[in-house]
Amino acid sequence: MSQIAPRPRTRFAPSPTGYLHIGGVRTALFNWLFAKGRGGQFILRIDDTDQQRNVQEAYEPILEGMRWLGLDWDEGPDVGGPYAPYRQSQRTELYQQAVQKLLEVGAAYWDYATPEELAQEREAAQREKRPWRYSRRWMATSEEQRRRFQAQGRQAVVRLKMPEDGTCVFEDLIRGRVEVPWAGEQDHVIQRADGSVLYHLASVVDDYQMRITHIIRAEEHLSNTTRQIFIAQALGYPLPQFAHLPYVAEPGSRNKLSKRKLKKYLNQPDFRKIYESGLRIMEALGQAVDPETFNPVVIQFYKDTGYLPEALLNYLVLLGWSLDDRTEHFTREEMLRHFSLQRVNRAPASFDPAKLQAFQQRWMQQQPLERKVQLVFPFLEEAGWIPQAPAPGEPLHRRIEQIVQYAGDRITVAGDILQFGYLFQGDQEFPYNEKDFQKRLLKPPEARELLAAFAGELEQLPPEQFHAARLEERMKQFVEERGIKIGQIIHAVRVAVTGQGVGFGLFETLEVLGRDSTLARIRRALRRVEQHQAAS
RNA sequence: GGCCCCGUCGUCUAGCCAGGUCUAGGACACCGGCCUUUCAAGCCGGCAACACGGGUUCAAAUCCCGUCGGGGUCACCA
């Protein structure tokens, strides 16, 4: 306790083989929280040692996603830093030196086995039901032997020469003491035949050279730790602290969440729900969905449909961590203040789309009106319903503010603004939902006449009195005079002016539309009713 | 299959290390009711868990042993 803890340096090291997914973000978040909450540094590194699998298009979206979430990094490929470069593909020389050293100290060896020979060994072991470990049959023990193998046309990889007995013991900050027998470890390849280096080697070298103090990563790396410790020790590096997070599981199961199982997850009702509401937003935007990114497992889905990064982070921080038995709401600052590795769970946590949705809803409710308005603008622009984001004070700004206010909780994600398209489309253009039209305007025999009569009342109302309170008063009066139920007229008016049966308060809707639009729309609806009646 | 990890309501979790205050708390979801011009929201109420077995102890969700179950990982991927 009296010892001053050094400021931690953590890293998030995605490989650009695909887009950022929920589990990856949770790992990034925990790394960020741990470092930044303790006055340390958070480093972004791109682990792109496998040229074959890298997807060039994935690199920029990863950075974008991190920025959107506000997980800012102190050092990284774009901003540089004292240990640059921060892309493994640009650090090969460093790795080659390390490989050389490992060969020199006898911790690694040149291996000339062909893939076929390896496969044979493996199959033989499997047939005899014994655990397989490479026989080192094509291990070169001298320069002379190397030349001989090369003369046979063989190509060499570099393998780790793992210990054959003893136990690797390390202290995991989350799991406690972990013990793994060395004999169970393979002689992993650290350098390919083409001279490029593999993840384990690169990762250990970089973590050391970048002075990473804490390696916080998902549990699937737990079994990688032993071989990485072996490499680090052979290279004479001090060991960092390890913390292995439980992985994020599928909704309603214990399997690891995977972005490739979208189709399967769509069978899960809550998952399907958020997917489909996202789909409606994309439809309204007239955008084709890219199956690579339009996936609730992938972070971009949330960015594209208008979630709040705060909500996502709040949900994610509780996936495997908790402060106590009741605190659920965390701002960025609160997370930073309270996060600790000691309170990270050991068991995997299932991704629950319904709970994410609940956090989003609560966060959205708390946003000041102006923030919501700002969030909604890009969607309206994208849909082509407004030319550009209006400045405060402009009539259009005022109008959208009004809509957002009246829509209230119906806007859970910013993209939900698009359900109110009828408020932005022309009086003669907005579409009618045929089912609602049928139910509210064609079927009730009195509907046409009542609607026409109410339109007459509205015409009497001077434009400056066309506000919700006054409109409601007028309708109440109208209903009373005629001895009808309010439901007989209100639904008819709603469908007439919006084209659909659902929406926010009717009087507020009329107010937003204004007198001229309201009347024009009612007239259009009346004509439509007459056409239908004439036809039948 | 080998090695490793994990096991509290459907889900996220509190409680476990330092056994009694736990007839196991909170949240989401679900169900019911209220409110209501639609859809939401809101309010009130309800259902629901210590994987199993044995041991230690006056006392076990908590400690020990075993069983079962689930998962991760076993690449010239990261």
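Basis for what follows: all heavy atoms, side chains included, without hydrogens, waters or symmetry-related copies. In what follows, chains carry the letters A, B, and so on, assigned in the order in which the sequence lines appear, proteins first and then strands, with residues in each chain numbered from 1.
Distances shown here put every side-chain N or O of A/Arg175 at or beyond 4.0 Å from the OP1 or OP2 atom of B/C4. Phosphate proximity of B/C74 to A/Ser223: absent, as no side-chain N or O sits under 4.0 Å from OP1 or OP2. Under 4.0 angstrom from either OP1 or OP2 of B/G42 there lies at least one side-chain N or O belonging to A/Gln365.
Picking from B/A78, B/C6, B/A40 the nucleotide with the shortest atom distance to the side chain of A/Arg410 gives B/A40. For A/Asn345, the listed nucleotide lying nearest its side chain is B/A14; candidates were B/C76, B/A14, B/A29. Between B/A78, B/C76, B/A29, one nucleotide has an atom nearer to the side chain of A/Arg227 than all others, and that is B/A78. For A/Lys256, counting side-chain heavy atoms from C-beta on, the closest listed nucleotide (B/C77, B/U11, B/U73) is B/U73. When the nucleotides B/C76, B/U73, B/C28 are ranked by their closest atom to the side chain of A/Val189, B/C76 comes out on top. You'll find that the side chain of A/Thr49 is closest to B/A78, out of B/C4, B/C76, B/A78. Which of B/C28, B/C4, B/A41 sits closest to the side chain of A/Asp409 comes down to B/A41. Comparing atom distances between the A/Glu328 side chain and each of B/C5, B/G72, B/G26 picks out B/G26 as nearest. The A/Leu198 side chain lies nearest to B/C76 when the options are B/C76, B/C28, B/C74. Here the nucleotide nearest the side chain of A/Asp352, chosen from B/C76, B/U11, B/U38, is B/U11.
At the heavy-atom level, A/Ser322 lies under 4.0 Å from the strands shown only through sugar-phosphate atoms. Within the 4.0 angstrom heavy-atom criterion, no nucleotide atom of any strand lies near A/His244. Among the protein residues, A/Arg440 comes within range of no part of the nucleic acid, since none of its heavy atoms lies under 4.0 Å from any strand. Within the 4.0 angstrom heavy-atom criterion, no nucleotide atom of any strand lies near A/Gln500. Using a 4.0 Å heavy-atom criterion, one finds that A/Phe351 contacts no nucleic acid atom at all. Among the heavy atoms of the strands, none lies under 4.0 Å from A/Gly252. A/Arg346 comes within 4.0 angstrom of sugar-phosphate atoms only, judged by non-hydrogen atoms across all strands, and of no base. Within the 4.0 angstrom heavy-atom criterion, base atoms lie near A/Val157. At a threshold of 4.0 angstrom between heavy atoms, the contacts of A/Ala193 include nucleobase atoms, whether or not backbone atoms are also involved. Across all strands shown, A/Gly501 has heavy atoms under 4.0 Å from base atoms, whether or not it also approaches the sugar-phosphate. As judged by a 4.0 angstrom heavy-atom cut-off over every strand, A/Pro181 is placed among residues touching the sugar-phosphate backbone only. Here A/Phe507 lies in heavy-atom contact (under 4.0 Å) with a base. Among the heavy atoms of the strands lying under 4.0 Å from A/Gly503 is at least one base atom, whether or not backbone atoms are also near.
Pairing of B/A51, defined by two Watson-Crick or G-U wobble distances under 3.5 Å, is identified with B/U67. When both pairing distances are held under 3.5 Å, B/G72 makes a Watson-Crick or G-U pair with B/C3. Under the Watson-Crick and G-U wobble criteria, each requiring two contacts below 3.5 Å, nucleotide B/U38 is left unpaired.
Side-chain contact annotation: A/Thr226 with A/Glu185, donor-acceptor N/O pair under 3.5 Å present. Using a 3.5 Å distance cut-off with no hydrogens or angles, the side chains of A/Trp132 and A/Gln126 do not pair a donor with an acceptor.
If you check distances only, the side chain of A/Asn224 does reach the base of B/A78 with a donor-acceptor pair under 3.5 Å. Counting atom types as modelled, A/Arg53 pairs a side-chain N or O with a base atom of B/C77 as donor and acceptor under 3.5 Å.
Side-chain contact check for A/Glu250 versus A/Lys264: some heavy-atom pair is nearer than 4.5 Å.
Rounded to whole Å, the separation between the P atoms of B/C4 and B/G46 comes to 47 Å. Nucleotides B/C50 and B/C22, compared at atom C1', are 10 Å apart to the nearest Å.
Within the cation-pi definition used here (under 6.0 Å to the ring centroid, within 45° of the axis), A/Arg227 does not qualify as a partner of A/Phe230.
Heavy atoms from other residues, nucleotides or ligands lying under 6.0 Å from CZ of A/Arg137 number 12 at most.
Evaluated for a side chain to side chain contact (heavy atoms under 4.5 Å, CB included) with A/Gln88, the options A/Leu94, A/Val205, A/Asp206, A/Asp50 yield exactly one hit, A/Asp206.
Ranked by how close their nearest RNA chain B nucleotide is to the 5' end, A/Val180 and A/Arg26 are led by A/Val180.
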